[in-house]
Amino acid sequence: MSRHNAGRARSAKAAALHYGSGDAAPVVVASGMGYMAEKIVETAQKNGVPVYEDNSLATMLTQLKLGQEIPEELYRAIVEIYVYFLKFDPNAKPEAPAKPQAVPGGGTVI
């Protein structure tokens, strides 16, 4: 979800991904716009699931069907996010505003 759109709930978008050991690629497990996007982010934060803000990527992911693996064209962007969270230290002082809203957990919300 993009913070600059937070005031305009109708244009906010969010998608939740899950990548299990048996999955060939991350799978869309939730997506929505407006109120639904806010609830996806809120649920992620309450459950310690990391949140990464990228409005363009969220727009593409919300166009996919629930249960659909992400297309190969998005692999690079998703891998970069997963690597970011692998290196993320919640105890370190950020040098610039950090994008995650929670520590790494069982999924990723974009």
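No experiment lies behind these values; they were computed from the predicted model shown.
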Measuring from [X]:[atom1] to [Y]:[atom2], what's the distance to the nearest 0.5 Å?
X   : Y   : atom1 : atom2 : result
L64 : L74 : CG    : CG    : 7.0 Å
M60 : N55 : CE    : CG    : 10.0 Å
Y52 : F85 : OH    : CZ    : 8.0 Å

(request) Take V49 and Q45, measure what side chain to side chain contact (heavy atoms under 4.5 Å, CB included) needs, and give me the verdict at the end. (result) CA-CA 6 Å; V49 176; Q45 291 174 332; over 6 Å; no
Closest heavy-atom pair and its distance - [X], [Y]:
X   : Y   : result
A14 : V41 : CB-CG2, 4.1 Å
I78 : L57 : CD1-CD2, 3.8 Å
A16 : I40 : CB-CG2, 4.3 Å
V28 : S31 : CG1-CB, 4.3 Å
A12 : A37 : O-CB, 3.7 Å
G32 : T62 : O-CG2, 3.8 Å

(request) Could you walk me through whether L61 and L17 pass the side chain to side chain contact (heavy atoms under 4.5 Å, CB included) test, one step at a time? (result) CA-CA 9 Å; L61 291 171; L17 302 178; 4.3 Å; yes
(message) Under 4.5 Å between side-chain heavy atoms, counting indirect links through other Ile/Leu/Val/Met/Phe/Trp/Tyr residues: same cluster for V51 and V79 or not?
(response)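 The answer is no; the residues belong to distinct hydrophobic clusters.
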(message) List the residues meeting side-chain contact (heavy atoms from CB on, under 4.5 Å) with A25, not counting sequence neighbours, and say none if there are none.
(response) E69, I70, Y75
(message) List the residues meeting side-chain contact (heavy atoms from CB on, under 4.5 Å) with T43, not counting sequence neighbours, and say none if there are none.
(response)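 By the side-chain contact (heavy atoms from CB on, under 4.5 Å) rule, T43 matches N47.
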(request) Using atom types as modelled and distance alone, determine if a side-chain donor or acceptor of Q68 lies under 3.5 Å from a backbone N or O of K65. (result)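 Yes, Q68 side chain to K65 backbone: donor-acceptor pair under 3.5 Å.
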(message) So does P26 get a backbone contact from the side chain of D23, meaning a donor-acceptor N/O pair under 3.5 Å?
(response)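 Between the backbone of P26 and the side chain of D23 there is no qualifying donor-acceptor contact (under 3.5 Å).
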(request) Please examine the side chains of K46 and E42, heavy atoms only from C-beta on, and report whether any two atoms are closer than 4.5 Å. (result)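 The answer is yes; the side chains approach within 4.5 Å.
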